Amino acid sequence: MTLPLFPVAASTLAPRVDALMLYVLGIVLTFIVLVGGFIFFFALKYHHGSRADRSSPVYFSLPLELAWTVIPLVLTLSIFFWGAELFIAMREPPADALEVYVVGRQWMWDIQHAEGRREVDALHLPVGRPVKLLMTSADVIHSFFVPAFRVKQDVLPGRYTTMWFQASKPGRYHLFCSQYCGTSHAAMGGWVTALSPADYQRWLDGASAGGVADSASGETMAESGARLFHRLNCAACHRDGASGAGPALAGVFGRAVQLEGGGTVLADESYLRESILRPNAKIVKGWPPRMPTYEGQVDEAQLQQLVAYLKSLKGA
Amino acid sequence: MTDASAASPPFTDREQQREAARIGMWVFLTTEVMFFGALFLVYFYDQHIFHDAFASAGGRTDLGLGAGNTAVLLLSSLTMALAVRAAKQGRDRALFGRLLLTMILGSAFLALKGLEYARHIHEGLLPGASFVYEPAALARPAELFFYLYFVMTGLHAVHMLVGLAWLAVLAVRARGADGRVDLGTPAEVAGLYWHFIDVVWIFLFPMFYLVRGH
Amino acid sequence: MEPLDYLHDGDTVSSWLLTTDHKRIGLLYLFSITFFFFIGGFAALLMRLELLTPAGHLVQAETYNKLFTMHGVTMVFFFLIPSIPSVLGNFILPLMIGADDMAFPRMNLLSWYLFMAGGFFALSAMILGGVDTGWTFYAPYSSVYSNTRVITMAVGIIIAGFSSIFTGLNFIATIHRLRAPGLTWSRLPLFVWSLYATSLIFVLGTPVLTMSLVLIALERLFGIGVFNPALGGDPLLFQHLFWFYSHPAVYIMILPSMGVVSEIIPCFARKRIFGYGFIAGSSLAIALLGFLVWGHHMFVSGQSLYAGLVFSLFSFLVAIPSGVKVFNWIATLHKGRIYLRTPMIYALGFIGLFTIGGLTGLMLAALGLDAHVHDTYFIIAHFHYIMVGGAVMGYLGGIHFWWPKITGRLYSDFWGRVSAVVVFIGFNLTFFPQFLLGYLGMPRRFYHYPPEFQVLNVLSTAGASILGVGYLIPLVYLAWSLKYGRKAGPNPWKATGLEWTTASPPPKENFTQIPLVDSGPYRYEGEEVAFD
């Protein structure tokens, strides 16, 4: 009968979260002791029938009111700043992060590594390297939660959300869905397996490191995306140079795109996805609204492959 | 002007009762602001995202009918204000007449609205299975525009109906009052409600009729 | 000749069902919400039994999902939100300000019928198969994917919302205009201030919830994409609309409890409250600031970082006025003469448990911590400490404080204190392990869980059974007191406050002559007293 009381800390951010928790816990316990202590102390000392000194009772004290307003205010602001700083760090993935694409659907996690391996309800990653997840849902809102890493992020239909972490020690850690998503919400999860860099490379090359069936297709996501790009005939309009019926896509990712009717938009993953599903939502300046929609022809996992491909096109 | 009745319990004097009625109506109108406010939020958020589609869909509403309705409603607020004035002066016959005028104008508003709805449905602009829109690329957000149009003007129309019923009751009281009952506060409170419905329309009008694309 | 008391002034069914007497309406609510409390409690019992084992074989997944939805909906909308305002507020407020009734007695009756109509739809939704969206109805699950009775349930909550709105409206008008001569704002008892602040939230927040649920229902019916991304909608829009009400709603649930505590402490410490102005002001501050923090439910929802920063900051600010109250209550005890009667045990228990729950809120307001504990049992523990350890204890304290006034009978203080202690112990055993479970990572709304979480779950279930017993005991001795309890005089607690100047139970018109107020509240002398 195990009785764990504290989760393992297996990411670089986890100890920072725990440190903040301990700080706040310290403040919380102090006030609980103060409040509880004073209640007990007063209830005893001033219990009716006791001979305590009750002369000149006080009903108001501005210094006290200010003290117990300002001191808690200062303490709470300190927690705010620390929590904010930590959260900002959680939101800023390092530039060299490994990219993993996630599609959550009722009731499973469909995970594709940029390098090509695909897995279900499992995520293998190397210790010591940051990993960035680009996630979307095929249906309702889910949430990707790894308690050992101390992070979670809701996974939404219709857009991408991101999260990142860096595993700090090898091991197997729970992966949960933490946003109620229907009947088998509690079953939607699995294991995150952190491997030494060597083991991870072996896994990537095809050896199965868990019991879950997954595919080693041998091609990277960008390569899968390239195949899709040609199969769906995107290449017919999106040619290199200015010769096509649609804008050239070399270097499109991360560029600031000028829109018809004014305004610019950053061509991030969400923009690329939207452009494939709802091409007329944002028209690129100087181009007619002629692109057909591919809604219904590609699923979320394939969209991620296309996005990975487009991201790989280095620019002019 | 004498009151036939003293303040009704739990009030101890009529002024107290009048003020409580006014406070009650103002608080109620605040809740109405929050009701419509939530819908306004949805509209403005969607209008921001689907700017072009909303401008296009906005061109399909009937500006003439909308402007006409606006005029009718503003006029009805004038007659209502005059009715409240008559009530406060104890002139129940004038009150009755002006209430009647207000009700006629309010009914005219609803009739025009019904006409508009019928036209929209005929043109395939009722959201749902029968919705048709050109250009097709804008169809979905245009449907959202018309959904908000029907929900918000529909909610407004429901409030108008309640208002008409309220004025009808007040009119009946005015008819039977003959200067014996002080209808000043009931009229004032009904007037506040009526004016509020008017104000809501003054916001709805530009949102659905004046947002027109090129 | 003595006027009949309100309980006996008319004994036909229609004199109860068509009453406009705020006291009878308060009792009608008492029966209704107690009924819903036990429905919600029964759901909780089944949930805790299911969670005794990791594999969860007691009920199926679908059933479990319907149970936690039912638990949340009944407890929030049909028990906690109406509890103190509609039972104690309705009964006590006019008495406390020296009025004969609420400003709009017929609207008050309408409020109860609206509550019952809403409850009817909610019960129908449950009987016709249940709802499995959670009380939070997130889209697009609730508006597109769920196959359960969402619209029926939404209609029930919408109708009950109007009950809230009219109650709040009534309270505001009553407090503004029906105070007895001499009862200025600065002489108002703090319970009245808390009801006023609560009423502001009722009228400003509830309409937004109503609209959110209307939009969900319409989206289900007509398939339009306001929230459904597949049709171009935005699921976060629903969350913003929903939480805009549902966060202030938690202040609806706690402010009246704090008001009750502010009445009990001075009476049972025989001392004027410390920092009256600051306590009154803090109620208003909480009501106002409470409208500015809703996004703290959405830190990891996909909401922008900047929004998160603002909501986090305000969430810390809203904690300050609550702390101010707690410190002022404790300072009231200093140099008081303390009587640990049942209401006082509940009030002191409230302070302890609310403090714990509120302080854990600081952990949640911190963005970097919330990222870990959001949507886990940590949150469940946090809000149950405040809602159950706080609001329900305050409600029970108020029931025990004003019971003699309401019924004219005294209950057994011994059994009162026993059940308060049983509730306190059972409560902590139920919910403290859930803080640990949450930090360990057990998510909410899970009908099964990894085996290493079992011990803590078993402890929690054990606590829940004790807590359940603690809630059943008062039913027994309070009912017993109705027939066999000693009769109470007008003021068994020797309390200040206008409600104690009239008979127990009061006559229908409350006061035989209009009271005149010439001093502030809580003019206790610090003397030894003999309670009845």
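So you know, we letter chains A, B, ... as the sequences are listed, proteins then strands, and number each from 1. None of these values were measured; they are calculated from a predicted model.
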Which region of [X], side chain (C-beta onward) or backbone (N, CA, C, O), has a non-hydrogen atom less than 4.5 Å from a non-hydrogen atom of chain C, or is it both or neither?
X: A:Arg91; value: side chain
X: A:Leu29; value: neither
X: A:Phe60; value: both
X: A:Leu73; value: both
X: A:Ser143; value: neither

Hey, is CD on A:Gln297 packed in by over 12 heavy atoms from elsewhere, all under 6.0 Å?
-> yes
Can you check whether [X] reaches [Y] side chain to side chain, under 4.5 Å on heavy atoms?
X: A:Gln106; Y: C:Tyr145; value: yes
X: A:Trp68; Y: C:Val324; value: yes
X: C:Leu367; Y: A:Leu86; value: no
X: A:Lys152; Y: C:Thr376; value: yes
X: C:Phe274; Y: A:Leu64; value: yes
X: A:Ile141; Y: C:Pro140; value: yes

Separation of [Y] [atom2] from [X] [atom1] (nearest 0.5 Å):
X: A:Phe80; Y: C:Leu362; atom1: CZ; atom2: CG; answer: 13.5 Å
X: A:Ser178; Y: C:Arg444; atom1: OG; atom2: CZ; answer: 11.0 Å
X: C:Leu305; Y: A:Glu92; atom1: CG; atom2: CD; answer: 8.0 Å
X: C:Tyr339; Y: A:His47; atom1: OH; atom2: NE2; answer: 9.0 Å
X: C:Leu369; Y: A:Ile79; atom1: CG; atom2: CD1; answer: 8.5 Å
X: C:Phe278; Y: A:Leu66; atom1: CZ; atom2: CG; answer: 6.0 Å

When C:Asp132, C:Asp375, C:Thr136 are each screened for side chain to side chain contact (heavy atoms under 4.5 Å, CB included) with A:Tyr180, the one that passes is C:Asp132
Quick check on [X] against chain A: is it the side chain, the backbone, both or neither that has a heavy atom closer than 4.5 Å?
X: C:Phe327; answer: both
X: C:Leu348; answer: both
X: C:Ser146; answer: neither
X: C:Leu437; answer: neither

Between [X] and [Y] (side chain of the first, backbone of the second, donor and acceptor by atom type, cut-off under 3.5 Å), is there such a pair?
X: C:Arg337; Y: A:His48; result: no
X: A:Gln153; Y: C:Val300; result: yes
X: C:Glu528; Y: A:Gly49; result: yes
X: C:Lys335; Y: A:Asp53; result: no
X: C:Lys271; Y: A:Val58; result: yes
X: A:Asp154; Y: C:Gly302; result: no

Answer key: most heavy-atom pairs under 4.5 Å with chain A among C:Leu456, C:Asp234, C:Leu309, C:Asn328 is C:Asn328
Say whether A:Asp18 and C:Tyr439, considering side chains only, have a donor N or O and an acceptor N or O under 3.5 Å apart.
-> yes
Specify which of A:Phe31, A:Phe38, A:Trp82 makes the most heavy-atom pairs with chain C at under 4.5 Å.
-> A:Phe31
Taking A:Arg159, A:Met163, A:Arg278 one by one, which has the highest count of heavy-atom pairs under 4.5 Å against chain C?
-> A:Arg159
Which of A:Tyr59, A:Phe41, A:Tyr46 passes ring pair (Phe, Tyr, Trp, His ring centres under 6.0 Å) with C:His334? Answer is A:Tyr46
Under the side chain to side chain contact (heavy atoms under 4.5 Å, CB included) criterion, do C:Glu452 and A:His174 qualify, and how do the steps go?
-> CA-CA 12 Å; C:Glu452 64 265 31; A:His174 282 296; 2.7 Å; yes
So, for A:Phe176 and C:Phe446, is the gap between ring centers shorter than 6.0 Å?
-> yes
